[in-house]
Amino acid sequence: MMLPHLLAKESAAVVNVSSIAVYGSHRFLPTYGATKAALHSYTTALRQTYEEKKNLQIYEVYPPLVNTEFSAEIGGAAGIPASEVADELLVGLENNLFDIPVGDSKIYANAIGEAMSKLAHA
């Protein structure tokens, strides 16, 4: 496990690459959606577990479909460029934004944020 090594550093970060699938799975990719939802849950729990450790930051980036060789079989050519994901990730890291939605994922993240805010104030 890498965490003991990261915790021993003066400054360290974990960046988990999740997916827009965190907000809802696609019927043709149920295992993918389930594993990304599990990664999101793990990232949230990890962040809570180590929140007092100021030397370790835990981030999660949520891209939509990205145009890569990996996504070619599922229509990846229609996705956003990988460079857009990288650019938004760097902005998020620079601004200490621990949840970093990218592209269309922002729509879902904002809607969920608004719904959670309403529930908290109900």
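We're numbering straight along the sequence, starting at 1.
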Worksheet item: Would you say Asn55's side chain and Leu7's backbone share a donor-acceptor pair under 3.5 angstrom?
Response: yes
Discussion item. Under a 3.5 Å distance rule, please check whether Thr68 uses its side chain to pair with a backbone N or O of Ser71 as donor and acceptor.
Written reply: yes
Worksheet item: When Phe98 is tested against each of Tyr62, Tyr59, Tyr50 for ring pair (Phe, Tyr, Trp, His ring centres under 6.0 Å), which residue passes?
Response: Tyr59
Practice prompt. Treat each ILVMFWY residue as a node, draw an edge where side-chain heavy atoms are under 4.5 Å apart, and state whether Val15 and Leu97 are in one component.
Written response: yes
Worksheet item: Which heavy atom in Gly33 sits nearest to a heavy atom in Ala21, and how many Å separate them?
Response: CA-CB, 3.9 Å
Worksheet item: Do the non-hydrogen side-chain atoms of Leu65 and Ile20 ever get within less than 4.5 Å of each other?
Response: no
Discussion item. Would a single hydrophobic cluster contain both Tyr32 and Ile80, if residues Ile, Leu, Val, Met, Phe, Trp and Tyr are joined by side-chain heavy-atom contacts under 4.5 Å?
Written reply: no
Worksheet item: Is the side chain of His40 donor-acceptor paired with the backbone N or O of Lys36 at a distance under 3.5 Å, no angle test?
Response: no
Worksheet item: Which heavy-atom pair separates Arg27 from Pro30 by the least distance, and what is that distance?
Response: O-CD, 3.7 Å
Discussion item. What I'd like to find out is whether the side chain of Thr43 reaches to under 4.5 Å of the side chain of Ser18, using heavy atoms alone.
Written reply: no
Worksheet item: Ignoring hydrogens and geometry, is there a side-chain-to-backbone donor-acceptor pair from Thr35 to Thr31 under 3.5 Å?
Response: yes
Item to complete: Taking the side chain as every heavy atom from C-beta outward, state whether Leu3 and Leu56 have any pair of such atoms under 4.5 Å apart.
Response: yes
Discussion item. Is any side-chain heavy atom of Asp99 closer than 4.5 Å to one of Arg47?
Written reply: yes
Worksheet item: Do Gln57 side-chain atoms and Lys54 backbone N/O form a donor-acceptor pair below 3.5 Å?
Response: yes
Fill in: 4.5 Å side-chain heavy-atom contact, Asn16 and Val61
no
Worksheet item: Is Val17 reachable from Val102 through a run of hydrophobic residues whose side-chain heavy atoms are each under 4.5 Å from the next?
Response: yes
Worksheet item: Any link between Val85 and Val91 through a network of hydrophobic side chains (Ile, Leu, Val, Met, Phe, Trp, Tyr) touching at under 4.5 Å?
Response: no
Discussion item. Side chains of Glu84 and Glu88, heavy atoms from C-beta outward: is any pair under 4.5 Å?
Written reply: yes
Practice prompt. Any chance you could measure Asn110, atom CG, to Ser105, atom OG, to the nearest 0.5 Å?
Written response: 10.5 Å
Worksheet item: Should Tyr42 and Ile58 be regarded as members of a common hydrophobic cluster, given that ILVMFWY residues are connected when their side-chain heavy atoms come within less than 4.5 Å of each other, either directly or indirectly?
Response: yes
Worksheet item: Can you tell me how far the CD1 atom of Ile100 sits from the CG atom of Asn95, to the nearest 0.5 Å?
Response: 9.0 Å
